[in-house]
Amino acid sequence: MRKPVMAGNWKMNCDSDEARELADGVVAVAGQVEAADVIVCPTAVALTTVAASVKNSKVAMGAQNLFWEADGAYTGEVSAQMLLSAGCEYVLCGHSERRGRFGTLDEADADDLAAVFGDTDATVNRKARAALAAGLKPVICCGELLAERQAGNTDEVVVAQIKAALCCISAEDCANVIFAYEPVWAIGTGEVCDGDEANRVCGLIRATIAGVLGDQVAEDMRVLYGGSVKPDNVEGLMAMEHIDGGLVGGASLKADSFGDLVKAAEASAAG
Ligand code: 13P
């Protein structure tokens, strides 16, 4: 039985004061949940503030990104060790908003700032390995673009991302890994992926993991769905065989709605 997870990715929202208020609110509504893991991922500058809020609660903290070197001349970057010492237990790796699959930042796509961050399958793997080596738990994100889905390439894209992400990661390490399927076209659009289809792709992710690291690792791996998860659709998603939780953007920015999602995750553990 896999323990459900509800993770809030706050993205570039909440300054330190707002982050404290939100984290305190999450602790109040979800701080003593036993049957599900609850994770909040604030911006890097709010980590120490949020660490103080979630201390002595069941709420764990994650960062949104890391760099794979431990220290050195890498202006603007933050290492796994630094995140750990700030109180992180988890770190997101390869969120679609950081993957550079959107072309270059020329005039044609100047509004598409996702192009500037440039994570690739190879750098996502390096980040996940650095996280594991430091004792952080990576939440590895994957998912197809709208154009890839429309071209019928969803499975191919997702399988390639999973295989690349798992390079040099052992079966033992996988106990500390979570995967998240986030179809890019469903993120922040209000367009949730149909539950059966989300379940099918999460099952494909599990089958891919089984092919690389064996059935038991795949059976134990927690696979989340992300993309417009809300209180009114979470129950259906959590009821799916291969969906073990949610990675949530917009609905994680209010303690009440995130609390509802956490309660749905907890209820799914009983069901
Ligand atoms: P939304 O829940 O706002 O669609 O964002 C999903 C996401 O990207 C979480 O990482």
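Whatever order the structure lists them in is the order used to number ligands and atoms, beginning at 1.
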Check: residues 202-209 side-chain donor-acceptor pairs under 3.5 Å, at least two apart:
unit_1, atom_1, unit_2, atom_2, d
Arg206, NE, His242, ND1, 3.0
Arg206, NH1, Ala218, O, 2.9
Arg206, NH1, Met221, O, 2.6
Arg206, NH2, His242, O, 3.2
Arg206, NH2, Asp244, OD2, 2.9
Thr208, OG1, Leu204, O, 2.7

Distance-only donor-acceptor pairs under 3.5 Å for side chains of residues 26-55, two or more places apart:
unit_1, atom_1, unit_2, atom_2, d
Asp37, OD1, Lys3, NZ, 3.1
Asp37, OD2, Arg222, NH1, 2.8
Asp37, OD2, Arg222, NH2, 3.3
Ser53, OG, Asp24, OD1, 2.8

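In this structure, ligand 1 sits under 4.0 Å from heavy atoms belonging to Asn9, Lys11, His95, Glu182, Ala186, Ile187, Gly188, Gly227, Ser228, Leu247, Val248, Gly249, Gly250.
By the 4.5 Å heavy-atom criterion applied to side chains, Val184 and Arg99 are not counted as neighbours.
Environment of CD in Glu21: sparse, with no more than 12 heavy atoms of neighbouring residues, nucleotides or ligands closer than 6.0 Å.
Lys11 meets the salt bridge (charged side-chain N to carboxylate O under 4.0 Å, His left out) test with Glu97; sequence neighbours excluded.
The closest side-chain donor-acceptor pair between Tyr181 and Glu144 falls under 3.5 angstrom.
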